[in-house]
Structures are given as structure tokens and as C-alpha cells.
Participant: 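The following block contains the structure, expressed as C-alpha cells.
By convention in this document, chain letters (A, B, ...) are assigned in the order of the sequence lines, proteins followed by strands, and residues within each chain are numbered from 1.
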Amino acid sequence: MYVEGCHDCPVRGKKVGSRGNPKAGLVYVGESPGVEELRDGEPFIGPSGKLLWVSTPGGDSPEILTTNAMCCRIPGKADENPRLKALKHKASITCSGRLLDEIKAHPRRVIVALGNYALWALTGNYNFKISQVRGKIIPSQYATIGIIPVMHPAALLRGTGNLRQFRRDIAYAHHLANGGAPYQPIEPRYEVFGTPQAVAKAVKDLINQPLISCDVETTGFNSRTDKIIDLGLAYNPEFVYLFPAEVIPHLQRLFALSRSRWLYHNGKFDVQFLRKAGLKARVDEDTLLLSYALDEQKGVHDLETIAGDLFDAPDYKHLVRPYLGKGRTYADIPKGVLYKYRLAPDVSYTLQAFRQLREQVRADVHLEKLYTKTLIPASDLLSYVETHGLYVNQDQVNTNQEVFEGRLAELLTQIKAIGGENFNPNSTYDVAELLFDKMRLPRKRGRSTDKKVLAKLPQKPIIKLIQEHRKVAKALSTYVYAIRDASAHDGRVHATYLIHGTRTGRLSSNEPNLQNIPRAKEQRSMFMAPPGKVLMEVDLNQAELRSLAALSNDAFLCSVYNDPAGVSIHDRVAIKFWGANFTPEDKMKAKNVNFGIVYGITSTGLVEQIGGSKQEAQGFIDMWFDNAPEAHTFIKKCRSAPVRGVTLITAFGRKKRHMIVTRENLHELQNEASNFPHQSIASDITLHAAIRVRRRLIKLNAHIVNLIHDSMLIEMPNNPYVIAAVGKTVITEMQQVPRDWGITRVPFKAEAKVGTRWGYLTDDAYKAALRDSHMTA
DNA sequence: TGGTTTAGCCC
DNA sequence: GTACGGGCTAAACCAT
């Protein structure tokens, strides 16, 4: 094959042409051939091709014309290397004539552009980004229906993109090529109900509807300081009722009395604003949580993405964006624009998405259980935890600020005396230059200067200074300034807990993250109980190891946790390793192995913690598993799930699906899989316990103020009766939840600590309260 | 201004 | 040569 464009082409290598029916109505256009394609002279027969064909309805078919934007191979590193990138760009331009000639030779219905280069060559528009336009019909002179941009399968194999979306996009192209109608969102009509009389009329329409979709637009993300601008409701996606903020009080009756099921997209956010405005809002259905139940990957659950995927809803962001920018809020958007392009579509799209997603969840018994029994109740729990917030000890924050700022200034002076006036210890570039170029210290792992590397370098004064500087700088920026600023409004921090933040079912926390506060007493004590109250922390004891024991039914682990004498697992393992006369150091090592096991630790990782040789560490790991063979088998079975194409499912209905397995990511997927079940179960036990106890605690004026994977923090009056009642309630439920969910082979154990400052909670204080209340533990 | 990399904190 | 699961934030750096 030789065409005129090849004269100007900078590559001029061996060429790979097209395959399939030259007259096909459906064309796949890829980027450039890979190694396998070059060898066999056909496009899409390597790993990318395999993924493409398994994602194609009906599989590999000669009725599809398959070709590439470039017919020569461009080395895979081209996107990182500027010289190669320029070459690739030039090649794609010179080759586009050949591509378009081939396409134009016969009438086409649909062209699938796989990746940016295919899209650019087909449209001539280099501003397109595949990640932004994928799955949308782009009109084209070359195809009657148009171009459907889709992520390149190679990108998915590298770990970017989302397989569900990829499959849906390909299926959509086939649907269109086979004469199917384009997905068409319903664009709702809307009306503003701005007077009490108008509201009364709207309420009459709405109050007996079985399902109402609700959304609010606000001036910001903080329900304490920001305000609702407008509220939208709909029971039919064709029509949205809009209510300006000033008439919202007139909706009280609707929210309080309606028997409707209330639908939101991330209702945890909306209901906090609505409750502040005096409405009895509740979340019965939630499209964000439905989407997460169906796909535990992150980054695909915002309403724009869902509506775009399900019915090709237009992206109106660009129409709203010009009115935003620094210092401006949604209140600065003209009402007409806000209603037409934001509020009305959001309310209607939520309803439209719900119809599809709810059915998909209902069709799967595990997901139905997860959604109704865990995700929706968690939304209710967390909207309350977020609103209540965690009290901040401003004195401790101020003290920490003074101490850390003072120390940081000292350190900086000393560091600059060695590194020079312009030396910035926060800059990894500066640190690497000083250590490896000027001081000629030995390099490890490239030019990394992280904690472990510094610890292994010869202990020069500058290294000690940099180590301490990093610690103090972190303490100051992340854990003093952020907490100080976040609590400036009402003396509390109100973190946001994401239900969909992890692939295991753990919660995540942000702004601020209350799940990674340093354990140092003076830092944890930035959080405390307000005057007259105390904090209680209730922890699950070794939750993940107990989960592993229960799931694997391992004889050794089960005997440890069912042991009436209560000899700890660390002691039991130490005895197995060293006999009855083990030393305290031995016990420490045993503890590290025990905790490492649940994370799938390797000998290298274990050496980092306990020292010694790699062989010795491997010996401990082997011995541990020899001693717990059923646990070993269970973990191995989980590890092999990605290769076997098996989806892991927990008792709570959490799933770990294995979408794309490649040689590169296999190891990572196996590690995730082996960790998933016990991590997931441990956090669900905590979450369910919190859901169960919340209302009972409120009657005692006790409030959950933080949740950290296997523990919860509770604020309550400093009264022994209350403390004892709360402790008993929470401990009982944390221990009962696993039994109720069929996790019965080992008991779970919860423990309570009490005090005024988070850094100084003790079990003695809890026991004292039990004594004082004349109750027994 | 926004995205990526490197670092450090937690369970 | 191979690092151990799940997260979030800040600062520097680099591209646009």
C-alpha cells in the first residue's frame, strides 16, 4: 500500500491496512497499529483488539470496516516524548487524506472514532478531547448519522477510562448503525411558582404523587453559611416546578405530609440545606447511590456523566460557566439561565436516570440489598453527622500553631545555613539536588527523597533537619491551618463523608479529612467535647482479622477469637513462632505480621517494619500461613478472582468486579482482591452499627461526630448514666451487627474509651462511668 | 488556572 | 527489578 501522502510522512514504515467489509455502514477507526498488528498486517488483533471485540455486540464481525488513523506504527511512548509526539502529530496529518479517502469510498452510517487521533483525523478539529465528547453523536459529512467518539481500548488497558462507559458507547454506535433512534433526553418545560397562592396550587399537584424528584441550587457547598437560591421538584420528567428561596417555607406541608418517595442525586447534600430551611426533608431514593451500587469505580457518578451515558443528555456546564469565576456563585447566574440550563434539567434528568438505574439495581439481589439496607440509610446517617460536626479545641489549635510555627522558623534558619538562602526544604527538587548532587550521597529509587530514603541515608545534620521540617510543615499546613479555617464559622468542623468514595465500601472524608488526624496526643486533642460534655470512641477490636477468621473459617484464627481465656492473637502467634518464652520484641514482630497479613504484606514490606533479613521476614509470613491454612486458602482464592473473572460479593452486598485484567495490573488487582472482603466487612459493621444506634443516642443527647472505618466518635453529656448507656448500646450493636448479617463463626468485640479531649480518651474513664452508674459492663 | 507528581497522615 | 489494601491534602512543578 502506497499513497501520495506518504511522501510527506515522517514515519514511512511498514503499513497495516484495513479489514472487514469495505462497504460497511459501520466503521471503527483506531489510532495506529501495534506490534501484533504490524506482525500480522491487520488492525485490532492485539490486546486492544481483543477488548474491542469482546465489547462489540455480536463480537468480531466482517461486516464492520476496521482501520486506523495512521497506517504505520508509532512507538507507544509517543505521548510522553515530545519529539515522538511531534512526529506522531505530523504522521496523523499526512495520513488523514488516506483515511478520509477510504471512508468516503462508500456511504457510511456511523463511524466509531477510537481515541483522540482518530477523532482529530476524522473531524480536523484538534480541540476535541475524547474524554469530554465520548458517547455523543458528532455530525459529519462522512457518515449519515455521525461520528461516535469512544475511548481507545489501549487507554482502558492502561487503566484510564471506564469499561462500563466504553461498552455502552460501542453498543450505542451499533444501536444507531442498526437503525436505532438516537438517545434523546426529555428537555423539561418548567414554571416558576413564586407566590404563596401559586405554591399552594403546585403542592396540590405534587402531594399525592408516588415519586418526587428534588434538587436545590445553593450559593455554595456549606449548609451552615450558604443559602438555597431555588428549589426544583418534578414527578414527571416533562415538567419541573420551580420555587424561589422566599417561598420555600410554604412547602413545609408538602415535605411533612407527602407520602411520596423523595428522589435526589446525592440527597445527603440537599437535605442539609432543606432541613436548615425548616423542611422535613428525607432521602428515599438517590441516583448517585444507585450508580455507585452498579459500579464501585469512582469518577462516573456525577449527574452530568450519568445522564450523558444513559440518554445522551447535553452538557450545559459551558453555558453556565461564563457567569461563574472567582468570588461568584450560582446566585450570580441570571435566573433564566439557571432555570433552563441547570435546575430544571437536573430535576428532570434525575427522574429519567432513576427509571433506568433503579431497575438495574432491583434486578440484582445483592445490589438491591446494598442500596436499600446500607447506602440509603447511610445517606440519612451522614447528613446528620455532617450537620452536627465535631467540636474544635481552639486553645489547642492556637497552641499547636504557635509551637509549630516557632519550630518551623528555627528549622528553616538552620536548614538555610546549610543549603543556602534560596533553599526550599518543601521542594523535592531542591532537596534532591542538595543531597545527591552537592553532597554526593548515594541515590535510591531514582531521586526520591521520601521518608524511607532519608532514613537510610548517612545521618548528617541536614537530613535530621529536613525530616523534622517535613513533619512540622505537614502538621501546620494540613492539621492546624486547615482545621482552624474550617472551624472558624461555628467552632466545629463539618467534614463531608462520601458514601461512594471508595471501592471497598469504606467511607471517605474530606474538607477536612477527619480520618487521618495524626495520633499524636497534642494533635488529636485539637478535637474535643464542648463544655459539660465528653467524647467516647468505640472501636472494633481487630475487625479485619476477625472478618478474615469468619470468612475463611480458619481453625487457628477461630480458636483465637473463640478462646474463653482471651489470649490475644499477638501472643498466640508469638508462641507459635518462638515458643512460650517469647520476648516483648518478638511480640511486636508478631503484631506486625498479624496486621500485615490483612494488607497482603510481602517480605520486603515486612522488613521495613521489623528489620532483619528478607528471608527471615518471608519465613514469618510462611509460618503464619502454615499455621492458618484455611485463611491462606481463602486469601489465595480471593487473589485468583481477577484471573478467574469472578466477582467477589460480601454479606452486605458489596461487590468487587474485575473489569480489565492485564499483565501490568494483574498483581495490583490480586492484592486489592485479597484485601477487599475483610476490609469491606469491617467497615460495613461499623457503618451499620452507627445507623442502628443513632436515634437511640439522640434521645440521650448523644451524637455521632466522626466515623473512622472501624470506630466511631460520640459526643455526649458528662454524666455517668449517659456514658454507661451510650457505651452499652454502641458496644452491643457493634457486636450484634455481624451476627445479624450471618457473620457468626467468631464474635466481634467492641471497646469504649472516654475523655474530654480526643487525644486523651481512656478505658479507665469509661469503666469509672460504669461503676458510678451502678451498671456492669 | 488546572492537572500531575511527590510527600505525609490515618485505618 | 519486583513495595502492601483503602483513602485525602498541601506544595511544587509544568503545561496551557
Participant: Relative to the 5' end of DNA chain C, which residue comes earlier, A:Ala673 or A:Ser427, by the nucleotide with the nearest heavy atom?
Facilitator: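 The residue closer to the strand's 5' end, by nearest nucleotide, is A:Ala673.
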Participant: Could you tell me how the ring of A:Phe577 sits relative to the ring of A:Phe620: parallel (under 30°), tilted (30 to 60°) or perpendicular (over 60°)?
Facilitator: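 Rings of A:Phe577 and A:Phe620: parallel, as their planes differ by under 30°.
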Participant: Have a look at A:Thr449 and say if it touches a base, only the backbone sugar-phosphate, or nothing, with a 4.0 Å heavy-atom cut-off.
Facilitator: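 Contact class for A:Thr449: sugar-phosphate only.
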Participant: Any heavy-atom pair between the side chains of A:Phe128 and A:Asn116 that's under 4.5 Å?
Facilitator: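 Counting from C-beta outward, A:Asn116 and A:Phe128 never come under 4.5 Å.
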Participant: Please state how far atom CG in A:Leu548 lies from atom P in C:dG5, giving the value in whole angstrom units.
Facilitator: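 Rounded to whole Å, this separation is 16 Å.
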Participant: If you measure from the Lys or Arg side-chain nitrogens to the Asp or Glu carboxylate oxygens, is any gap between A:Arg407 and A:Glu410 under 4.0 Å?
Facilitator: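 So A:Arg407 pairs with A:Glu410 through a salt bridge.
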Participant: Within the modelled atom types, does a donor on one side and an acceptor on the other bring the side chain of A:Gln679 and the base of C:dG5 under 3.5 Å apart?
Facilitator: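 Per atom types, the contact qualifies.
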Participant: Just by distance, no angles: are the side chains of A:Arg470 and A:Thr449 close enough, under 3.5 Å, to form a donor-acceptor pair?
Facilitator: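 Judged by distance alone, the side chains do pair up.
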Participant: I want to verify a distance call: between C:dG7, B:dC11, C:dA3, whose nearest atom is closest to the A:Thr604 side chain?
Facilitator: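 That would be C:dA3.
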Participant: Between B:dC9, B:dG8, C:dG6, which one does the side chain of A:Thr504 approach most closely?
Facilitator: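 Output: C:dG6.
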Participant: Base, sugar-phosphate, or nothing for A:Gln609, non-hydrogen atoms under 4.0 angstrom?
Facilitator: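 The residue A:Gln609 makes base contact.
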Participant: Using a 4.0 Å heavy-atom cut-off across all strands, classify A:Ser674 as base, sugar-phosphate, or nothing.
Facilitator: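 No contact at all - A:Ser674 keeps every heavy atom at 4.0 Å or more from the nucleic acid.
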Participant: Across the strands shown, which category fits A:Tyr429 at heavy-atom distances under 4.0 angstrom: base, sugar-phosphate, nothing?
Facilitator: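 Contact class for A:Tyr429: sugar-phosphate only.
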Participant: Can you check the A:Asn671 CG to C:dT2 P distance for me, whole Å?
Facilitator: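 For the pair A:Asn671 CG and C:dT2 P, the rounded distance is 15 Å.
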Participant: Between C:dG6 atom C1' and A:Gln670 atom CD, what is the distance in whole Å?
Facilitator: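 One finds 18 Å between C1' of C:dG6 and CD of A:Gln670, rounded.
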Participant: Within this structure, what is the CD-to-C1' distance between A:Gln515 and C:dT9, rounded to whole angstrom?
Facilitator: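 Rounded to whole Å, this separation is 14 Å.
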Participant: Select base, sugar-phosphate, or nothing to describe what A:Arg524 touches, counting heavy atoms under 4.0 Å on all strands.
Facilitator: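 Here A:Arg524 touches the backbone only, sparing every base.
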Participant: Strictly below 4.0 Å: does A:Lys298 bring a side-chain N or O up to OP1 or OP2 of C:dC8?
Facilitator: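 A:Lys298 to C:dC8 OP1/OP2: side-chain N or O found under 4.0 Å.
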Participant: To the nearest Å, how far apart are A:Leu669 CG and C:dG6 C1'?
Facilitator: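 So the two atoms are 14 Å apart, to the nearest Å.
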Participant: What integer distance in Å separates A:Tyr599:OH from B:dC11:P?
Facilitator: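 Interatomic distance, OH of A:Tyr599 to P of B:dC11: 9 Å.
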Participant: By nearest atom, which of the nucleotides B:dC11, C:dA12, B:dT6 is closest to the A:Thr428 side chain?
Facilitator: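 My answer, after comparing the listed nucleotides, is B:dT6.
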Participant: Need one value for A:Gly600: base, sugar-phosphate or nothing, where a base atom within 4.0 Å counts as base even if backbone is also close, heavy atoms only.
Facilitator: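 The answer is sugar-phosphate, as A:Gly600 gets under 4.0 Å only of primed atoms, P, OP1 or OP2.
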Participant: Within the pair A:Ser683 and C:dG6, is there a side-chain N or O less than 4.0 Å away from OP1 or OP2?
Facilitator: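 Indeed not, no polar side-chain atom of A:Ser683 lies that close.
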Participant: Under 4.0 Å between a Lys/Arg side-chain N and an Asp/Glu carboxylate O for A:Glu296 and A:Arg657?
Facilitator: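 Counted as a salt bridge, because a side-chain N and a carboxylate O are separated by less than 4.0 Å.
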Participant: Taking only the P atom of each, what is the distance from B:dT6 to C:dA3 in whole angstrom?
Facilitator: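 Each nucleotide's P atom is 16 Å from the other's.
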Participant: Just N and O in the side chain of A:Arg503: are any of them under 4.0 Å from OP1 or OP2 of C:dG5?
Facilitator: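 Looking at the OP1 and OP2 atoms of C:dG5, neither is under 4.0 Å from any side-chain N or O of A:Arg503.
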Participant: Which of the following nucleotides, C:dT9, B:dG8, C:dA11, is nearest to the side chain of A:Ser477?
Facilitator: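 Nearest listed nucleotide: C:dA11.
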Participant: Report which part of the nucleic acid A:Ala473 touches: base, sugar-phosphate, or nothing (heavy-atom distance under 4.0 Å, all strands).
Facilitator: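 Nothing: the residue A:Ala473, judged by heavy atoms under 4.0 Å, touches no strand.
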Participant: Under 4.0 Å between a side-chain N/O of A:Lys452 and OP1 or OP2 of C:dA3, yes or no?
Facilitator: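 No, no such contact exists.
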Participant: When only distance counts, do a donor and an acceptor, one from the side chain of A:Arg506 and one from the base of C:dG6, lie under 3.5 Å apart?
Facilitator: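 Check passes, donor-acceptor contact within cut-off.
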Participant: Figure out the CG/P separation between A:Leu606 and C:dG5, and round it to whole Å.
Facilitator: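 Going from CG in A:Leu606 over to P in C:dG5 covers 15 Å.
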Participant: Can you say whether the rings of A:His632 and A:Phe625 are parallel (under 30°), tilted (30 to 60°) or perpendicular (over 60°)?
Facilitator: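 Parallel.
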Participant: Measure from the side-chain heavy atoms of A:Asn424 and tell me the nearest of C:dA12, B:dC10, C:dA3.
Facilitator: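 Of all the options, the side chain of A:Asn424 is nearest to C:dA12.
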Participant: Do the charged groups of A:Glu608 and A:Lys456 touch, with an N to O distance under 4.0 Å?
Facilitator: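 A salt bridge is present here (some side-chain N lies under 4.0 Å from a carboxylate O).
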Participant: Would you indicate, yes or no, if B:dC9 has its OP1 or OP2 atom less than 4.0 angstrom from a side-chain nitrogen or oxygen of A:Lys451?
Facilitator: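 So the side chain of A:Lys451 is within the cut-off, an N or O lying under 4.0 Å from OP1 or OP2 of B:dC9.
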Participant: Spell out yes or no: do the side chain of A:Asn513 and the base of C:dC8 have one donor N/O and one acceptor N/O closer than 3.5 Å?
Facilitator: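 Per atom types, no contact qualifies.
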Participant: Indicate, with a heavy-atom threshold strictly under 4.0 Å, whether A:Gly501 touches base, sugar-phosphate, or nothing.
Facilitator: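 Here A:Gly501 touches the backbone only, sparing every base.
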Participant: Once you apply a heavy-atom cut-off of 4.0 Å, does A:Ser509 come out as touching a base, just sugar-phosphate, or nothing?
Facilitator: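 Here A:Ser509 touches the backbone only, sparing every base.
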Participant: From C-beta outward on A:Asp450, which listed nucleotide comes closest to its side chain: C:dG7, B:dA7, C:dG6?
Facilitator: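 Comparing C:dG7, B:dA7, C:dG6 against the side chain of A:Asp450, the answer is B:dA7.
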Participant: In whole angstrom, what separates A:Glu544's CD from C:dG7's C1'?
Facilitator: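 Checked: the CD to C1' distance equals 13 Å.
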